[in-house]
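This one's a predicted model, so the numbers in the text were calculated from it and none came from an experiment.
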2 protein chains.
Amino acid sequence: MKSFRYPQSCPVARAAEVIGERWTLLIIRELALGPQRFSDLRERLSGVSSSVLTARINGLLEKGLITREQLDPPAASTVYRLSDSGQALVPVLLGLVRWGARYFSSPHPGDHFEPDWLRLGLLAYSRREATPAHTYAIRIQTPGKPLPVRVAGGRGGTTVTLDDGPAELTITLEPSVLMGLVTGAIHPSEALAGGKLSAEGRVEILEKLPELFDLNADST
Amino acid sequence: MKSFRYPQSCPVARAAEVIGERWTLLIIRELALGPQRFSDLRERLSGVSSSVLTARINGLLEKGLITREQLDPPAASTVYRLSDSGQALVPVLLGLVRWGARYFSSPHPGDHFEPDWLRLGLLAYSRREATPAHTYAIRIQTPGKPLPVRVAGGRGGTTVTLDDGPAELTITLEPSVLMGLVTGAIHPSEALAGGKLSAEGRVEILEKLPELFDLNADST
DNA sequence: CGGAATCCTCTTCGATACTG
DNA sequence: CAGTATCGAAGAGGATTCCG
C-alpha cells in the first residue's frame, strides 16, 4: 500500500502524488457530485476493475480526502464522501473543467457520458459574485437521462443543485451546446434558430442565464 | 506514442489524461516559471530518466501544451515554453499549490528543493484585485540559492517577477515561514521575535505584505 | 452489494550506453 | 547539450474468483 512519491519539497509534487494516479481524479469528480457507493463508482468510471478501484479508494481514505460512511438501515449501505480536504480540491476540479472544456468540441464516438457530469460544467462557470436572487427549475435533456436542476442566484453567487420538482423550463440540446450557452459562446436565439436547442416552458429564462454564468476569468 | 485515454466524454477526463501522467504536472510547473532547456528540466525533476522526460515532452508537444524553440546563436540552444494552452493551465497549477500547501508543514528530509518554486507560492496567494501601486525588491534567502524578486501592486493585482537588481529588503527564513507570512498565518513581528525570520533593510515592507497577498478565497 | 485475493500480462521505469 | 537505443526489473492493470 505504499504509493509513489516525488522526492521534492513542493506543494505541486504533493498534489501530483494524489491526483496523478490513474482514475483518482475521476473518483474525486464523482464524489464532488455527491456521495456514492462502491458499485455506483465502478459503473460511472467506465469499467475500472474492482481491484484498482479498491486500491484507489483505500489510498484516498489513507490520505484523508474521502471518508467511508455506513448508511442507517433500511438503506443499509456503504457510501464514500469527500472530506474537507477532498472538498478543498473542488475548486481545482472546476478549474480543470474550464481547461478541459477546450476538448469538448471534438467528442469521441462511443464514449461514456453521464448527464450528471454537466452539473460540474454549470458549476465551473457559475458566477461567484452576488447574482440576482431568482431561482429557475430547469430540466436538461441531453442524450441520456434527463438532468433536473435548480439554478439559483443569490448574494453568494450562483448555485446549481439537483431538483426533482416540476420544471419551469425544459431544454433539449447537446452537451456542447449547453456549455456554449453557459459560457456565452452561443446565444440562445441562435441555437433555437439553428435547431441546436429546443425549449419548452418559460423560454425567457434562457435570456437570464448570462446573469448567472460567466467565463469566470481565470486571470493568470 | 499512444497515450492513455479514459473512454469518457467529460472535460475532467481530458484534463486527467494530460496532467495524470507521471512527471507531467511537474514539467508544467517548471515551464510555468519560465522557458527551460532539456537538461535544466532533467535536473530540476530530481532525476527523471532522459527517456521518460523525452516521452513526456513529446507528449506535451503533441497535445500542444508546450512549444520547442531554437534560441539564436550565440546562445544556441533548445528551450521549451508553455503554449497558450499550457499557460491556461497555470491557474489550475496555482490552485494545486494552495491545496498542496497543507502538506508544507510536514517536510520530508532529503527532498530536493528549489527556491525558485517559492515563486509559485507567492503567485498562488497574490491578490487579483487592484492593489496599492508599490514595488518592493526583496531578496529571499532560504536554504539554497537566494531568490531575488520584485513584488509589485497595481490595478491588475499583485505581480511577482525575478529581479536581479539591488534589494531593498533581505529576509532569511524557512520556506514554510515564507508561506505563513504570505497567507497571513504568521505575523512578521512574531516570526522576528521567534527567530524564525531575520530581516535586513527596509523592514517595514514586511508590514505591507498583507496588502499584496491573500488567502485568495477559493470559494467552493 | 462490497470488496479482498490471485494470477497473469502488458507497460513502464530507471540505468546505462551511445550519438549528432 | 539534446536527446535515442536497449534491456532487465518492477509495477500496474484486467479478468476472474470467492467470501461475508
For [X], report the nucleic acid contact type (base, sugar-phosphate, nothing); a contact means any heavy atom under 4.0 Å.
{"X": "A:S50", "answer": "base"}
{"X": "A:R68", "answer": "sugar-phosphate"}
{"X": "B:T54", "answer": "base"}

Please state how far atom [atom1] in [X] lies from atom [atom2] in [N], giving the value in whole angstrom units.
{"X": "A:R44", "N": "C:dG2", "atom1": "CZ", "atom2": "P", "answer": "14 Å"}
{"X": "B:F38", "N": "C:dG20", "atom1": "CZ", "atom2": "P", "answer": "17 Å"}
{"X": "B:D40", "N": "D:dA2", "atom1": "CG", "atom2": "C1'", "answer": "12 Å"}
{"X": "B:Q36", "N": "D:dG3", "atom1": "CD", "atom2": "P", "answer": "14 Å"}
{"X": "A:I66", "N": "C:dG2", "atom1": "CD1", "atom2": "C1'", "answer": "14 Å"}
{"X": "A:L60", "N": "C:dG3", "atom1": "CG", "atom2": "P", "answer": "13 Å"}
{"X": "B:I27", "N": "D:dA2", "atom1": "CD1", "atom2": "C1'", "answer": "15 Å"}
{"X": "B:R37", "N": "D:dA2", "atom1": "CZ", "atom2": "P", "answer": "5 Å"}

Are any side-chain N or O atoms of A:R150 and backbone N or O atoms of A:Y136, one a donor and one an acceptor, separated by less than 3.5 Å?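 Looks like no, no N/O pair under 3.5 Å.
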Looking at [X] and [Y], does any basic side-chain N land under 4.0 Å from a carboxylate oxygen?
{"X": "B:D116", "Y": "B:R44", "result": "yes"}
{"X": "B:E21", "Y": "B:R56", "result": "yes"}
{"X": "B:R139", "Y": "B:D164", "result": "no"}

Side-chain N,O (B:S77) to OP1/OP2 (D:dC1) below 4.0 Å: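 For D:dC1, neither OP1 nor OP2 has a side-chain N or O of B:S77 closer than 4.0 Å.
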When you measure from the side-chain N and O atoms of B:Y80 to the phosphate of D:dC1, is any distance below 4.0 Å, counting only OP1 and OP2?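 For D:dC1, OP1/OP2 do not have a side-chain N/O of B:Y80 under 4.0 Å.
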Cation-pi check, A:R22 to B:F4: give yes when NZ or CZ is under 6.0 Å from the six-membered ring centre and within 45° of the ring axis, no otherwise.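 Because its charged atom sits under 6.0 Å from the ring centre and within 45° of the axis, A:R22 does stack over B:F4.
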Whether each nucleotide of nucleotides 8-14 of chain D has a protein heavy atom under 4.0 Å at its base (B), only at its sugar-phosphate (S) or at neither (-) is summarised, 5' to 3', as -----SB
Working for side-chain contact (heavy atoms from CB on, under 4.5 Å), residues A:F213 and A:R127: CA-CA 5 Å; A:F213 298 101; A:R127 288 187 189 271; 5.7 Å; no
Do other residues, nucleotides or ligands put more than 12 heavy atoms under 6.0 Å from the NZ atom of B:K63?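 Check passes, neighbour count above 12.
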I'd like to check A:Q70 versus A:T78 (side-chain heavy atoms, cut-off strictly below 4.5 Å). Are they in contact?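 Touching, per the 4.5 Å side-chain cut-off.
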Does the side chain of A:E200 pick up a donor-acceptor pair with the side chain of A:T170 at under 3.5 Å?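 Note: A:E200 and A:T170 side chains miss the donor-acceptor criterion.
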Of B:R42 and A:V79, whose closest DNA chain C nucleotide lies nearer the 5' terminus?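 The answer here is A:V79.
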Degree of bending, the helix from C:dC1-D:dG20 to C:dG20-D:dC1 (end axes from five pairs; round to 10°):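 The end-segment axes of the helix from C:dC1-D:dG20 to C:dG20-D:dC1 are tilted 50° relative to each other.
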